[in-house]
Each structure stands twice: as structure tokens, then as C-alpha cells.
Engineer: 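Okay, here's the structure, questions in a sec.
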Amino acid sequence: MPICELRGVSRTYGSGPAKVHAVREIDLVIEAGEFTVFVGPSGSGKTTLLNMVGCLDQPSEGEVLIEGRPTAGLSDRALAHLRAERIGFIFQAFNLIPVLTAVENVELAVQLGGGGDGRARARQALAEVGLTGLEGRRPNQLSGGQQQRVAIARALVRKPALVIADEPTANLDSANGAQVLELMRELNEKHGTTFIFSTHDAMVMEHARRTVFLHDGRIARDEVRAAPAPRAGEGR
Ligand SMILES: Nc1ncnc2c1ncn2[C@@H]1O[C@H](COP(=O)(O)OP(=O)(O)O)[C@@H](O)[C@H]1O
Ligand SMILES: [Mg+2]
């Protein structure tokens with residue numbers, strides 16, 4: 001069963017002459033375990049589409065199914081529950097809470113979801129993103145790349161099926177951006193977590209297995225890259 005399916009999804013903003021068609025008649029199936037990027041110029045609909053995939057926003061027309069389940073009839077409360085249980089979010093500007101330490105930022109995500117053992121799980125998640133030893137630092141005591149790692153730990157600490165990342169490398173230099181992408185790819189392979197992210201950076205696109213090109217709110221191209229050939233001596 002696909003992790004997410006969009007059927008005839010459109011999203012408009014405003015009305016009358018000011019009406020904007022941000023996303024138009026999109027059909028899209030995302031299978032569990034994908035590492036997929038939405039690419040397109042500014043204004044092409046990447047954020048609007050990601051917000052609907054992540055159930056932060058609802059389509060004007062069409063439907064979004066998560067793990068085969070339609071989301072259209074769900075109350076705000078049920079949608080919040082679905083997001084908390086199944087979906088993690090990573091943002092361009094990291095969105096960490098400045099007065100909390102790294103471990104407290106991650107622990108808060110566990111507590112908000114009603115989980116126990118928050119401190120231990122937060123430390124484990126920070127270890128997985130390579131931040132052991134920096135748990136007690138506040139965001140302003142961490143580099144941009146380290147802050148985004150904390151945000152990745154926060155998104156993953158409750159073991160979501162799906163992670164949505166809107167331009168996760170846009171506030172990073174290219175070396176840190178590449179490291180963050182590499183880390184996301186490792187976590188995708190290790191845990192089978194589905195990642196859907198957006199970018200307008202060609203370097204970032206290289207890391208994706210599937211690239212969905214958006215233009216004026218429509219899918220212009222949808223390309224799946226073949227798995228890289230095994231290196232000599234690896235596998236059979
Ligand atoms: N809240 C909003 N109100 C009105 N128009 C919006 C809103 N959000 C996005 N748009 C418009 O929808 C289109 C798609 O925007 P967006 O999804 O943010 O694209 P991208 O993330 O690719 O830059 C743009 O024309 C944008 O101006
Ligand atoms: Mg955007």
C-alpha cells in the first residue's frame with residue numbers, strides 16, 4: 001500500500017480575480033521507503049504540495065490518502081493525531097526553540113506526542129545524527145548544519161513512517177547541505193522511513209532516487225533514477 005496518494009489534487013488561494021492556482025490536478029503515488037524530491041522554481045507549488053502530503057493543509061479539490069486512508073473527512077484533532085503518529089517535519093529555518101537545549105528540543109517532541117522515556121529517546125536520536133556530546137547546547141551555540149541535525153533528530157524521534165522536509169538545505173552552505181542530505185539518505189536506508197523533500201538546488205537533486213519536477217502547480221516530469229551499480233567486490 002502506498003504511504004501517500006494524491007488523486008486529482010488542486011489547491012487555490014483567494015477568490016475572484018485574485019484567485020491563485022497553486023497546485024493543479026495532481027495525481028501522485030508515493031510508495032513506502034521512497035526518497036523523493038520535489039523540484040521547481042519559486043512559486044511552482046512545492047510548499048503547497050508538501051503541506052498537503054503532510055496533512056498540514058487540505059486540497060481545494062481532490063483527495064489525499066495516507067497509508068490508504070482518506071484524510072478529507074478527518075477533524076482537525078484527528079489530523080493532528082495522524083501527523084503526530086505518522087509524520088515528521090523538517091523546515092528550512094530549522095525552527096528549534098531557542099531557550100531549549102538540543103536534547104530538550106528533541107525530548108519535547110516525544111512529550112507532545114504523549115510518549116514516555118523522552119530524555120533517553122532524545123539522546124538516542126541525537127546520537128543517530130552524530131551529535132553525541134552536544135546535547136546540552138542551545139541552538140545559538142550550534143552551527144547551521146548542527147541545528148538542522150537536531151531538527152532531523154526531532155522529526156525522527158517518534159519513528160514516523162513519513163518525513164516531510166521543505167527546502168531543508170536552503171539555509172546551509174553546500175558542504176553542510178550535502179552532509180544533511182547524506183544523513184537523511186542514511187536514515188532512509190537504515191529505517192525505511194519515507195522522505196519527501198523539496199529543493200531548487202541541483203546538488204540536492206543528485207541525492208534523490210525520484211525527482212518530481214513541478215511547473216506552475218503541475219507535474220512536468222517524474223523521473224526515477226536507477227539504483228547505483230554495486231561497486232566491484234560488493235554483493236553479487
Ligand atoms: N497563503 C497563500 N496565499 C496566497 N497565495 C499563496 C499562498 N501560499 C502560496 N501562494 C501562491 O501559490 C503559488 C505556489 O506557492 P508555493 O507552494 O509556496 O511554491 P514554492 O514552494 O514552489 O515556491 C505561488 O504563486 C504563491 O504565491
Ligand atoms: Mg516553498
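Remember, it's 1-based here, ligands and their atoms both numbered in the order they're listed. Since we're looking at a predicted model, the values are computed, not measured.
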Engineer: Go ahead and list the nitrogen or oxygen contacts between ligand 1 and the protein that come in under 3.5 Å, distances to 0.1 Å, or just say none.
Structural biologist:
residue: ligand 1; atom: 17 (O); partner: T48; partner atom: N; Å: 2.9
residue: ligand 1; atom: 17 (O); partner: T48; partner atom: OG1; Å: 2.5
residue: ligand 1; atom: 19 (O); partner: G45; partner atom: N; Å: 3.1
residue: ligand 1; atom: 21 (O); partner: T47; partner atom: N; Å: 2.9
residue: ligand 1; atom: 21 (O); partner: T47; partner atom: OG1; Å: 2.8
residue: ligand 1; atom: 22 (O); partner: S44; partner atom: N; Å: 3.2
residue: ligand 1; atom: 22 (O); partner: S44; partner atom: OG; Å: 3.4
residue: ligand 1; atom: 22 (O); partner: G45; partner atom: N; Å: 3.1
residue: ligand 1; atom: 22 (O); partner: K46; partner atom: N; Å: 2.9
residue: ligand 1; atom: 22 (O); partner: K46; partner atom: NZ; Å: 2.9
residue: ligand 1; atom: 23 (O); partner: G43; partner atom: N; Å: 2.7

Engineer: Given side-chain contact (heavy atoms from CB on, under 4.5 Å), test R138 with Q141 step by step and report yes or no.
Structural biologist: CA-CA 5 Å; R138 282 193 295 278; Q141 299 168 317; 3.8 Å; yes
Engineer: If I compare all heavy atoms of L126 with all of A153, which pair ends up nearest, and what's the gap?
Structural biologist: CD2-CB, 3.9 Å
Engineer: Picking from L65, I219, L49, what satisfies side chain to side chain contact (heavy atoms under 4.5 Å, CB included) with L6?
Structural biologist: L49
Engineer: Hey, is R158 close enough to E85 for a salt bridge, meaning N to O under 4.0 Å?
Structural biologist: yes
Engineer: Between N51 and L56, is there a donor-acceptor pair closer than 3.5 Å when you use the side chain of the first and the backbone of the second?
Structural biologist: no
Engineer: With a cut-off of 2.8 Å, does T47 put an N/O/S atom close enough to the Mg ion (ligand 2)?
Structural biologist: yes
Engineer: Looking just at side-chain N and O atoms, do Q92 and D166 make a donor-acceptor pair shorter than 3.5 Å?
Structural biologist: no
